[in-house]
Amino acid sequence: MPTTREREPARPAKFSARGVMAFFGDKRVLHGIDLDIPAGEVTAIIGPSGCGKSTFIRCLNRMHELIPGARFEGTIELDGSSIYGREIDPVLLRRRAGMVFQKPNPFPTMSIRDNVLAGLRLTGSLDKTRAEEVVEFALKSSALWDEVKDRLKQPGIGLSGGQQQRLCIARALAVEPEVLLMDEPCSSLDPVATARIEDLIHELKSRYTIAIVTHNMQQAARVSGRTAFFLQGELVEVGATDRIFTAPTDSRTEDYITGKFG
Amino acid sequence: MLTSTRRRLLRERLFVGLCASAVVIPLLVLALLVGHVALAGLGRIDWAFLSGYPSRRAATAGILPAMVGSLYMIAITAALALPVGVGAAIFLEEYGARSRLAAIIEVNIANLAGVPSIIYGMLGLGVFVRLMGFGRTLIAGAATMALLVLPVVIVSSREALRTVPYAMREACFGLGATKWQAIRQVVLPMAAPGILTGTILAVARAIGETAPLVVIGALAYVTFLPTSPTSQFTALPMQILNWVSRPQEAFVVNAAAGIVVLLITMLVLNLAAILLRNRLQKRVY
Ligand SMILES: Nc1ncnc2c1ncn2[C@@H]1O[C@H](COP(=O)(O)OP(=O)(O)O)[C@@H](O)[C@H]1O
Ligand SMILES: [Mg+2]
């Protein structure tokens, strides 16, 4: 039964992955993934631990290949052009597709303000006259502005875990990416902080294409329009989130979302 | 049962006692030595001694040129060793970690750290004094000392770089930074306290090194202050050596005083390293 392809999505694909295989040394951990990440929508990637969710989204911004011994095969297109072409500079690609990691990782030597500006400073593309504007925009976009606007000079590491993660989101947004790749952004946060990040994702989805990895199915159901279910390096099923959670076509998807394993 | 427990307890106490004496005995010997020297030399130290120039008469001889020479020398040593050492550490740790060349270099750095300092003196004499034509100048001495401390600077800088979590580099890459941008703006600032402490401690050791200076032929009797890196110079260990080798008792007292000055200088440098580290660590929240 062909389950991985559907007539949806209606929106054009931002990322379009075909036959993606990823390796760590000789070990293949993704076995040919075909998946579109539609523009202007939240796509959730769910699946049990170790099934290759992180590896997949790290292929989307070419972070995977930075790990010694890691290798990629297949094609991925961003807005219709290959990101693995010879002429593509992965560094520039990563500015178009920002990443938020599992554990909040603000730079410990930097203030809140400097953390927000870090991406622009690192890449030497900060226009000093616009710095304040960028800081305010990014912190407002990440719903952190009101909490930190009076202490921008204080260390970013002094914030709570949830605030730190929103600071990391602000830091990613300051570079003006088109896509946000989030790898279990709430897994180290408490429920209240998690709820704030989920609200934030709702606000951001009109402006950015978002792919979020989560092992929390309720979270996928709450934040995403589309859900892709991975299992042991394969894409089992993808479709509208409502349908995946109410009428999955693959029995393995059903077993997973009903908690039979995972 | 009970007796075996008691015996085990006894054996444990014995072991702890042995370990403790391994700490205490060397410290005691050290304290004895320092105390002996201090007793002999402390009384000789006054402002005239610290600000005076060497003299044929022990009572009026001072240590100023040697002290200035030593401080000047290690300042240049640090200025030379720090950039080269950090550069080498970055290359090995961040770029060449897996290459064959890096592995070979790594083994050799470990070996170099164990080479007797007199060998470095020979090297300095051959390369800096003769080949490069520096003569018996401050810069030749400092360059030799820089070679001597370089392995330690490299090793401690690598350790400092290694303490920066990979997540920090990943965060940079995720923002579109190149490897070098990540290293320069995030990794190095985070590693700075460790790098600086390691460097100061290494350089502080160089201030007491005598053999390389003897070999490259630093002067022992200097009645002027060094004015530039190309000045001839003397250093504390040379001055002390000169004094101990005199037959008159008064000069031996001068030597003891010189040793006290040398020890205090080292102590101050080590203290500076600790303070600097604590300060910078507070900045790295
Ligand atoms: N750095 C690595 N080296 C070797 N194997 C890895 C590495 N990272 C992940 N893997 C393996 O790749 C597979 C997929 O991992 P990952 O993408 O992290 O899974 P997920 O994010 O779904 O939990 C797992 O089997 C994991 O053990
Ligand atoms: Mg993961």
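Convention: sequence-line order gives letters A, B, ...; per-chain numbering from 1.
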Legend entry - Derivation and outcome, salt bridge (charged side-chain N to carboxylate O under 4.0 Å, His left out), residues B/Arg158 and B/Glu106: CA-CA 11 Å; B/Arg158 289 189 68 179; B/Glu106 191 161 356; 3.4 Å; yes

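- Taking a 6.0 Å sphere around CG of B/Asn111, one finds it holds more than 12 heavy atoms contributed by other residues, nucleotides or ligands.
- Using a cutoff of 4.0 Å between basic side-chain nitrogens and carboxylate oxygens, A/Arg196 and A/Glu198 are not scored as salt-bridged.
- In this structure, B/Phe233 has its ring center no closer than 6.0 Å to that of B/Tyr72.
- Within residues 138-152 of chain A, no residue has a heavy atom under 4.5 Å from a heavy atom of chain B.
- Residue A/Arg171 touches chain B through both its backbone and its side chain, counting heavy-atom pairs closer than 4.5 Å.
- Side-chain N/O atoms of B/Ser117 and B/Glu209 include a donor and acceptor closer than 3.5 Å.
- For A/Phe101, the part lying near chain B is the side chain, with the backbone staying farther off; criterion is any non-hydrogen pair under 4.5 Å.
- Around CE of B/Met122, the count of heavy atoms belonging to other residues, nucleotides or ligands within 6.0 Å does not exceed 12.
- The pair B/Glu94-B/Lys179 does not meet the salt-bridge criterion, since no charged nitrogen lies less than 4.0 angstrom from a carboxylate oxygen.
- B/Glu159 has no carboxylate O lying under 4.0 Å from a charged side-chain N of B/Arg162, or vice versa, which leaves the two without a salt bridge.
- Heavy-atom proximity under 4.5 angstrom to chain B picks out A/Val91, A/Arg94, A/Arg95, A/Ala97, A/Gly98, A/Met99 from residues 82-100 of chain A.
- Within 6.0 Å of CZ in B/Arg205 there are 12 or fewer heavy atoms belonging to other residues, nucleotides or ligands.
- The pair A/Glu132-A/Arg113 meets the salt-bridge criterion, since a charged nitrogen lies less than 4.0 angstrom from a carboxylate oxygen.
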